[in-house]
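Here the structure comes first, spelled out in structure tokens, and everything after it is commentary.
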Number of protein chains: 2
Amino acid sequence: MLGIVHIVDDDASFRTAIERRLKKAGYEVATYPSAQHLLDRLPNESGPGCLLLDVRIPGLSGPELQSRLGELGSTLPIVFLTGYTDVPTTVQAIKAGADDFLTKPVKPDQLLRSIQRAISRHEATRSIRMELDTIRAHIAALTPREHEVFELVIRGKTNKEVANALGATERTIKAHRHRVMEKMQVQSLAELVSLAERAGVLDSVSGSRQTS
Amino acid sequence: MLGIVHIVDDDASFRTAIERRLKKAGYEVATYPSAQHLLDRLPNESGPGCLLLDVRIPGLSGPELQSRLGELGSTLPIVFLTGYTDVPTTVQAIKAGADDFLTKPVKPDQLLRSIQRAISRHEATRSIRMELDTIRAHIAALTPREHEVFELVIRGKTNKEVANALGATERTIKAHRHRVMEKMQVQSLAELVSLAERAGVLDSVSGSRQTS
DNA sequence: TTTCCTATTGTCCCATGGGACAATAGGAAA
DNA sequence: TTTCCTATTGTCCCATGGGACAATAGGAAA
């Protein structure tokens, strides 16, 4: 399976034409006459896929649907395909992360190339996202206290320093630290820091440089 | 000083008009009648700034200049301002990282807003870039042997493991490791890993997870 | 009331990291 | 030839991390 393409367009004959074309190319296809129809049964991202959106559609416009999906946390790449457009709309859509912006009539291989690229990008995005989700899930499993220890440990504090900072014994910190390593599923401090950095927990560590 | 705006446009009267307008708004301005003129005296990035490019200019086109500057490592944000354009050109320019894409005639405050945003973005980019440059410079100062030790240490290897991997004594590794910490200007393993991750040295560490 | 989770501490003991002091060897540059 | 840099090792010694075995206390859930 090459992936699923979700088509949102109010022109029924256009939908079926594109659907036929994409299915012939090996894609799975789902069609929606309006943005609302798509939002009603939000595509899960269990497999690779992308959206093919018209800009002008009744109800929410293509770009509006794009921003709505962004709020909902969707990472499905979006390819716009529209008959009428203007520069600001185009620019805005791409800046908002659209993968491509095509105009009707579209050359078949141009469309397939854009769809292909969008889906490839989705696969890359998905794997990174899944990795991040895993890390965040592990972090979420930490108790409040463990989380405090975690935050200090990944900034290079020694057990003694953490103990002082949190008003506990070094021995206690060791216990927490041990559970942190366990829950985060890492064997070394280096791995722990690496995960934290990738999950964005360490952003702006640069500010923590001491002059002392 | 708000920053410097480099204008590339073959229309002399347009250049002076925009130049006057931007200077009035407090910006420093440099004008170039063609892409080649700008490439001849490549703007340094010692201060915040941005480029304002026409798309159709004699010689290298705006987008061609954009990609050329990319190759040269410039991080100056680009705002396109052009009279004629088509969707593919616009899409391509934005996807290639242009900050904005405006059409002539442009409303004065629209132009100023885009310039302002581009320059702000440049300031953020610059500080991140300078931080990366510092890290990379430190890494470049490592001797080949120190670099090998560095690579293994940031992946969580113990001195003993590094010693085995490199065919040296643990004592020797300690000496190298000490100099690595010194040259990288960090006090803890956590900081070292954090820097490495930010500099991209650790990419795809996920693949190093052992089943053992 | 009993059970489970979270936070805390203690004692031992051992592995690992890191600083101090010292020294050797080979290659490149002056 | 002398000087400097890089790579190597040794010996001591101490701080820190981490595992094993054990235990207490309070709050929430069953």
Side-chain angles (χ1 to χ4, degrees), chain A residues 136-197 201-202 205 208-212, chain B residues 136-197 201-202 205 208-212:
Chain A
R136 298 223 178 90
H138 289 162
I139 292 178
L142 298 178
T143 66
R145 198 55 162 173
E146 283 163 2
H147 196 273
E148 292 180 286
V149 173
F150 169 67
E151 288 281 350
L152 294 172
V153 166
I154 58 179
R155 283 176 173 71
K157 304 297 180 201
T158 61
N159 288 336
K160 189 183 292 183
E161 290 171 323
V162 176
N164 287 332
L166 300 184
T169 310
E170 205 181 319
R171 183 61 195 75
T172 306
I173 302 306
K174 275 189 180 182
H176 288 312
R177 183 175 182 147
H178 183 256
R179 276 187 299 271
V180 168
M181 301 291 279
E182 210 168 58
K183 289 184 178 177
M184 296 300 293
Q185 297 183 12
V186 294
Q187 273 75 54
S188 66
L189 174 62
E191 282 179 84
L192 188 72
V193 174
S194 181
L195 288 191
E197 186 73 57
V201 183
L202 267 171
V205 183
S208 74
R209 278 173 199 149
Q210 292 112 18
T211 321
S212 59
Chain B
R136 298 222 178 90
H138 289 162
I139 293 179
L142 299 178
T143 66
R145 198 55 162 172
E146 284 163 0
H147 196 274
E148 293 180 286
V149 173
F150 169 67
E151 289 281 349
L152 294 172
V153 166
I154 58 178
R155 284 177 173 72
K157 304 297 180 202
T158 62
N159 288 337
K160 188 183 295 185
E161 291 171 323
V162 176
N164 286 332
L166 301 184
T169 310
E170 206 180 318
R171 183 62 194 78
T172 305
I173 301 305
K174 276 189 178 183
H176 287 312
R177 183 175 183 147
H178 183 256
R179 278 188 298 270
V180 168
M181 301 289 281
E182 211 168 59
K183 288 185 178 177
M184 296 299 293
Q185 297 183 13
V186 293
Q187 275 73 53
S188 66
L189 174 61
E191 281 178 83
L192 187 73
V193 174
S194 181
L195 288 191
E197 185 73 58
V201 183
L202 266 171
V205 183
S208 74
R209 278 175 199 148
Q210 293 112 16
T211 321
S212 57

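Just so it is clear, the model here is predicted, and its values are computed rather than measured. To find a chain, count down the sequence lines: A is the first, B the second, and so on, and within it residues start at 1.
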Within-4.5 Å side-chain heavy-atom neighbours: [X] and [Y]:
X: A/Glu161; Y: A/Asn164; value: no
X: A/Thr172; Y: A/Leu166; value: no
X: A/Val180; Y: A/Leu192; value: yes

It should be established whether B/Asn159 places a side-chain nitrogen or oxygen under 4.0 Å from OP1 or OP2 of nucleotide C/dT16. no

For C/dA7, does OP1 or OP2 lie under 4.0 Å from any side-chain N or O of A/Thr143? yes

Take atom [atom1] of [X] and atom [atom2] of [N], then tell me their distance rounded to the nearest Å.
X: B/Glu191; N: C/dG18; atom1: CD; atom2: P; value: 12 Å
X: A/Leu166; N: C/dT8; atom1: CG; atom2: C1'; value: 13 Å
X: A/Glu146; N: C/dT8; atom1: CD; atom2: P; value: 10 Å
X: A/Glu161; N: D/dA15; atom1: CD; atom2: P; value: 15 Å
X: A/Leu189; N: D/dG18; atom1: CG; atom2: P; value: 7 Å
X: A/Leu192; N: D/dG17; atom1: CG; atom2: P; value: 13 Å

Under 4.0 Å protein heavy-atom contacts per nucleotide of nucleotides 23-30 of chain C, with B for base, S for backbone only and - for none: --------

Nearest heavy-atom pair of [X] and [Y]: which atoms, and what distance?
X: B/Ser188; Y: A/Gly156; result: OG-CA, 3.6 Å
X: B/His138; Y: B/Met184; result: CB-SD, 3.6 Å
X: B/Ser194; Y: A/Leu202; result: OG-CD1, 4.2 Å
X: A/Ile173; Y: A/Ala168; result: CD1-CB, 4.3 Å
X: A/Glu146; Y: A/Leu142; result: OE1-CA, 3.5 Å

Starting from the C-alpha separation in whole Å, work towards a yes-or-no answer on side chain to side chain contact (heavy atoms under 4.5 Å, CB included) for B/Leu189 and B/Arg177. CA-CA 10 Å; B/Leu189 174 61; B/Arg177 183 175 183 147; 4.1 Å; yes

Please list, by residue number, the residues of residues 168-179 of chain B whose heavy atoms come closer than 4.0 Å to an atom of DNA chain C; answer none if no residue qualifies. B/Arg171, B/Lys174, B/Arg177, B/His178

After noting the C-alpha distance and the side-chain angles of B/Glu151 and B/Arg155, does the key distance pass the salt bridge (charged side-chain N to carboxylate O under 4.0 Å, His left out) rule? CA-CA 7 Å; B/Glu151 289 281 349; B/Arg155 284 177 173 72; 2.8 Å; yes

In dot-bracket notation, what is the pairing pattern of DNA chain C, taking Watson-Crick (N1-N3 plus N6-O4 or O6-N4) and G-U wobble (N1-O2 and O6-N3) contacts under 3.5 Å, with [ ] crossing and | for other strands? ||||||||||||||||||||||||||||||

Check against salt bridge (charged side-chain N to carboxylate O under 4.0 Å, His left out), B/Arg145 and B/Glu148: CA-CA 5 Å; B/Arg145 198 55 162 172; B/Glu148 293 180 286; 3.0 Å; yes

Along DNA chain D (nearest heavy atom to each residue), the more 5'-positioned of B/Arg145 and A/Met181: B/Arg145

Out of D/dT8, D/dT16, C/dT16, whichever nucleotide has its closest atom nearest the side chain of B/Lys160: C/dT16

